[in-house]
Amino acid sequence: MTGKEPDIILGFGNFAGTTPFEERIVAAARAGLPSIGYSIFDYQELKKGGTTAKDLATVAERHGVRVAELEVGLGFDGPADGSRWGPSWFPWDLPYLDRTAENDFLELADAFGAHHIVVAASSGGAGADSVSRFAQLCDRAAEVGAKVAIEFLPGTDLPDIASSLAIVEQADRDNGGLCVDNWHYVRGTPDEAALRSIPADRIVVMQLSDGPTEPLTDDYFEETLNHRRLFGDGEWDVAGFLGLLRASGTTAPISIEVLSQQWQSRPADELATAFAIATRRLVSAAQ
């Protein structure tokens, strides 16, 4: 399923990690959501059992849902030697992006007609040649019609808008841009001038959630992975954030990114329906 830019994407992390692919697809379809996100790590596990990207694409097409977002290439500018990605406090043992994972991303993007691939930078100064390596990844993604978005992430070597946008602009690829996640913006280094400085065509996707004014813990990744809230259940001005970005002229899709233990424990259909309703209210409020 290729074609126009997606409108709303039901991100991968909203569901419990064990939720099967087809269950995610069906839940999105029943909720009237046109697109979902998918994880490279889930695919790599399924691939060990013989599942192919085309198999998954067939399932998605059967239900009329597009897999528009692929996540996440960790350390696109890192050592690619199998070493563990991330700050020491990151809770999961995941490797840096290497050539095999790149190929898996492109295989999925081609089969799904994905809109974009999300990547994050290295940490602890492990990255090298960030501009050229981002450009090379964009060039490979362009061959299958996909964009590549850097997600600025506190704790990495590209922790904010300014540092990430500098890489994108120096790489100067039409399909390269930013994943603007309001969680990392609010919990990182919020800078409205920097937010307004992002050119409309460099916003590839807006990942949105709500949250409490004050963190519930002092563990950034615990907060990020477990304690986000659905729009309207938190205390942030998510509509104002979305409205500011829309005012730039961007037509980038919204990716719902409510990583929450509370929601992940609920049935997939219930989650998808509630998220669809809340997102449509959010879009209306931001206009």
Side-chain angles (χ1 to χ4, degrees), residues 1-2 6 9-29 33 35-86 90-122 133-134 136-151 175 179 204-205 207 225 255 257 259 264 268 272:
M1 284 188 174
T2 57
I9 302 167
L10 186 59
F12 181 83
N14 297 297
F15 298 99
T18 55
T19 305
F21 179 80
E22 187 161 14
E23 188 173 338
R24 296 166 183 267
I25 291 285
V26 170
L33 291 170
S35 305
I36 71 163
Y38 190 50
S39 165
I40 188 68
F41 304 112
D42 190 75
Y43 175 58
Q44 288 173 334
E45 285 301 310
L46 292 179
K47 195 174 180 180
K48 292 175 184 177
T51 298
T52 68
K54 289 184 178 179
D55 293 335
L56 297 177
T58 298
V59 172
E61 289 169 5
R62 184 164 65 242
H63 295 284
V65 173
R66 180 184 180 188
V67 180
E69 178 173 71
L70 300 174
E71 295 193 286
V72 54
L74 297 172
F76 70 89
D77 55 353
D81 59 3
S83 57
R84 183 184 186 276
W85 174 87
F90 185 71
W92 297 335
D93 187 17
L94 297 173
Y96 273 92
L97 180 69
D98 60 15
R99 193 70 170 184
T100 297
E102 268 191 37
N103 291 339
D104 287 339
F105 268 122
L106 298 174
E107 186 176 276
L108 286 171
D110 190 28
F112 290 140
H115 177 259
H116 62 267
I117 297 166
V118 179
V119 298
S122 301
R133 292 175 71 181
F134 182 68
Q136 290 166 16
L137 185 55
C138 287
D139 290 343
R140 296 195 74 199
E143 294 176 2
V144 294
K147 299 182 180 183
V148 184
I150 297 177
E151 182 172 6
N175 65 326
C179 167
V204 172
V205 60
Q207 292 186 341
L225 298 172
S255 179
E257 185 88 339
L259 311 185
Q264 288 171 353

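This one's a predicted model, so the numbers in the text were calculated from it and none came from an experiment.
A distance of 14.5 Å separates CG in L33 from CZ in R66, rounded to the nearest 0.5 Å. To the nearest 0.5 Å, the span separating CG on L108 from CG on L56 amounts to 7.0 Å. Considering CZ of F105 and OH of Y43, their distance stands at 12.0 Å, rounded to 0.5 Å. Annotation: the span from E257 atom CD to F12 atom CZ amounts to 11.0 Å, rounded to 0.5 Å.
At a threshold of 4.5 Å between non-hydrogen side-chain atoms, the residues E69 and H115 do not count as touching. Using a 4.5 Å cut-off on side-chain heavy atoms (C-beta onward), Q264 and T19 make no contact. Within the 4.5 Å cutoff, no side-chain heavy atoms of V65 are placed close to those of V59. For the pair F112/Y38, a side-chain contact is recorded, criterion being any heavy-atom separation below 4.5 Å from C-beta on. With contacts defined as side-chain heavy-atom distances shorter than 4.5 Å, the pair V119/L137 qualifies.
Judged purely by distance below 3.5 Å, without hydrogens or angles, the side chains of D55 and T52 pair a donor atom with an acceptor atom. Side chain to side chain, E102 and Q136 fail the donor-acceptor criterion of an N or O pair below 3.5 Å.
For L106 against A141, the heavy-atom pair with the smallest separation is CD2-CA, 3.7 Å. Heavy-atom minimum distance, F15 versus A268: CE2-CB, 3.6 Å. Shown here for I9 and G37, the closest heavy-atom pair between the two residues is CG2-N, 3.6 Å. Contact record, A111 with K54: CB-N, 4.2 Å, taken as the closest heavy-atom pair. Scanning all heavy atoms of the two residues, the minimum distance from W85 to A121 falls at NE1-O, 2.9 Å.
Between the side chain of D77 and the backbone N or O of F134, no donor-acceptor pair lies under 3.5 Å. A side-chain donor-acceptor contact under 3.5 Å links R84 to the backbone of W92.
Screening L97, I117, I40, V118 for a side-chain contact (heavy atoms from CB on, under 4.5 Å) involving V72 leaves a single residue, V118.
With respect to the salt-bridge test (charged N to carboxylate O, under 4.0 angstrom), the residues E143 and R140 do not qualify.
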